[in-house]
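A short write-up of the structure that comes next.
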Amino acid sequence: MKILTKESMIDLKQEKSPKEKIYHPAKKCSVCGMPYVENHMLSESLIKILGDKIRYIPSCKCHETFYERELEKIERENEKERVKNRGNRYKNFSIIDNKFLNSLFEKADFTEKHMEIAKKYAEKFMEKNCDVGILFYGNSGTGKTFASACIGNYLMERGRNVIALNIGLYLTELKQEWSRKETELLHKISKCDLLIIDDLGCEKISEWVLEKIFLLIDTRYRASKPVIITTNLFYSRNNEKCGIYSTFGTRIKERISEMCFPLCCKGESKRKSGTEKFMDFLV
């Protein structure tokens, strides 16, 4: 049995005291420049087995923070993807074209008043509950569809559920293969964060068309959810001057008036002719 003395206690403390740090003469951290230090946690026998490369380790924490940053970056990207997927959940129910999907605020001309309002609307939509939409009306080619698409894509990128319907394509699908799915679609329309109805008034009017359009708008109206509508028809609160009233009648016009802020898109058509597109192609 070993008797503890003052001298043996001192020897014990010395045995447990940290060893002097031995730095590698050349190997340094690529981030901060600190030299690598000898790893006292490994035995010489283990170093002989694994190789001399593991004898020295970083004396700083740069690599730890680097991997932490990388993990945080991956998590941010995953969260961004999850948000995007939430925004795309209803996209399969949209009836739109590629031109709609490629419309972004980054490509917009904000000298146009309606684009400035569209961007502000999209930003506020993300900040608070929204129960009011926009009626973009005006001549062909003035940017109505582009503005509505910019709003829709902005919201979808940030996780909002958006359904966008070109009214002509929507009615065509109903006539062909979507009739049995109309109930399901209207249910989705009542639940999504935003509904976009593009090109209202382009269709040939019949009793069937009036019924389907009214049902579409009324579903949204009863859900107290916002809708964005684009149309070439002139809008006025005065029914005698209102193209929407003369085309669709009182029920549809009154619901649109209550649900939407009317915003006139002015100016000449921005659509390029075939000649202009061809010359741009050759440049």
Side-chain angles (χ1 to χ4, degrees), residues 87 94 96-168 192-202 213 217 220-221 224-248 252-273 276-277 280:
S94 295
I96 48 179
D97 53 25
N98 288 331
K99 191 177 289 186
F100 187 101
L101 296 173
N102 294 327
S103 298
L104 304 169
F105 280 123
E106 289 78 3
K107 303 175 183 178
D109 178 6
F110 288 105
T111 60
E112 298 174 332
K113 189 66 178 177
H114 68 274
M115 285 306 309
E116 182 183 345
I117 293 174
K119 179 66 181 301
K120 190 166 185 179
Y121 175 84
E123 291 170 345
K124 291 298 179 183
F125 199 108
M126 294 300 303
E127 296 175 8
K128 58 180 76 173
N129 291 330
C130 180
D131 60 357
V132 63
I134 302 175
L135 172 68
F136 291 106
Y137 70 97
N139 295 332
S140 297
T142 51
K144 302 181 296 297
T145 296
F146 178 76
S148 67
C150 285
I151 294 172
N153 289 322
Y154 181 92
L155 297 181
M156 282 191 287
E157 287 174 2
R158 289 156 180 80
R160 292 292 190 266
N161 297 317
V162 178
I163 292 179
L165 303 174
N166 176 284
I167 199 67
C192 66
D193 296 317
L194 179 67
L195 172 66
I196 298 175
I197 300 176
D198 184 44
D199 220 5
L200 182 70
C202 69
I213 292 176
I217 294 174
R220 200 66 181 165
Y221 175 80
S224 298
K225 294 288 190 73
V227 59
I228 290 178
I229 298 172
T230 73
T231 182
N232 293 342
L233 298 173
F234 183 75
Y235 174 83
S236 172
R237 291 198 177 276
N238 185 338
N239 287 343
E240 293 181 3
K241 298 179 181 179
C242 184
I244 293 176
Y245 170 79
S246 61
T247 303
F248 295 107
I252 291 176
K253 192 259 184 175
E254 286 183 350
R255 276 164 173 68
I256 291 174
S257 296
E258 187 174 339
M259 297 169 71
C260 298
F261 169 74
L263 185 56
C264 183
C265 300
K266 300 178 181 179
E268 296 181 0
S269 175
K270 300 175 184 63
R271 292 175 182 165
K272 291 185 177 182
S273 66
E276 290 174 310
K277 291 179 182 178
D280 288 344

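Counting begins at 1 with the first residue of the sequence.
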Checklist line | Evaluation steps, side chain to side chain contact (heavy atoms under 4.5 Å, CB included), between N102 and K107 | finding: CA-CA 9 Å; N102 294 327; K107 303 175 183 178; 4.1 Å; yes
Item checked: Stepwise side chain to side chain contact (heavy atoms under 4.5 Å, CB included) check, C192 with V162 -> CA-CA 6 Å; C192 66; V162 178; over 6 Å; no
Next item on the list: Go through K119 and E123 one step at a time and tell me if the salt bridge (Lys or Arg N to Asp or Glu O under 4.0 Å) criterion holds.
Entry: CA-CA 6 Å; K119 179 66 181 301; E123 291 170 345; 3.5 Å; yes
Next item on the list: I would like to know whether I163 and N161 meet side chain to side chain contact (heavy atoms under 4.5 Å, CB included); could you show each step before the answer?
Entry: CA-CA 7 Å; I163 292 179; N161 297 317; over 6 Å; no
Next item on the list: Tell me, with the steps shown, if L165 and I196 meet side chain to side chain contact (heavy atoms under 4.5 Å, CB included).
Entry: CA-CA 6 Å; L165 303 174; I196 298 175; over 6 Å; no
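Each of T230, I229, L135 was checked for a side-chain contact (heavy atoms from CB on, under 4.5 Å) with L200, and the lone residue meeting it is I229. Considering I256, I217, L233, T231 as possible partners of F248, the one that fulfils the side-chain contact (heavy atoms from CB on, under 4.5 Å) test is L233.
Annotation: the span from Y221 atom OH to R255 atom CZ amounts to 5.5 Å, rounded to 0.5 Å. Atoms NZ and OH, on K266 and Y137 in that order, are 7.5 Å from each other to the nearest 0.5 Å. Interatomic distance, N232 CG to T142 OG1, rounded to the nearest 0.5 Å: 7.5 Å. Of the inter-residue distances, the one linking C150 atom SG with F100 atom CZ reads 9.0 Å to the nearest 0.5 angstrom. Atom CD1 of I244 sits about 12.5 Å away from atom CD of E254, to the nearest 0.5 Å. The CZ atom of F261 lies 11.5 Å from the OH atom of Y121; values are rounded to the nearest 0.5 Å.
Nearest heavy-atom pair across F234 and K241 is CD2-O, 3.2 Å. Between I134 and C260, the shortest heavy-atom distance links the atoms C-CB, 3.8 Å. In this structure, F136 and K144 approach most closely via the heavy-atom pair O-CD, 3.5 Å. Closest non-hydrogen pair, H114 versus G143, comes out as NE2-O, 3.8 Å. P226 approaches F125 most closely through the heavy-atom pair CG-CE1, 3.8 Å. The minimum heavy-atom distance linking V227 with R220 is given by the pair CB-CG, 4.0 Å.
There is a side-chain donor-acceptor pair under 3.5 Å between T145 and D198. Between the side chains of Y245 and S236, no donor N or O sits under 3.5 Å from an acceptor N or O. Inspection of the T111 and D109 side chains reveals an N or O donor paired with an N or O acceptor under 3.5 Å.
Inter-residue side-chain proximity for K225 and L195 is flagged as unmet; no heavy-atom pair is nearer than 4.5 Å.
No more than 12 heavy atoms of other residues, nucleotides or ligands sit less than 6.0 Å from atom CD of E240. Counting non-hydrogen atoms of other residues, nucleotides and ligands closer than 6.0 Å to CG of N139 gives a total of 12 or fewer. By the 6.0 Å contact criterion, CG on N129 is open, its count of non-hydrogen atoms from other residues, nucleotides or ligands being 12 or less.
Not a single donor-acceptor pair under 3.5 Å links the side chain of D193 to the backbone N or O of R160. With hydrogens and angles disregarded, no donor-acceptor distance shorter than 3.5 Å links the side chain of N166 to the backbone of D199.
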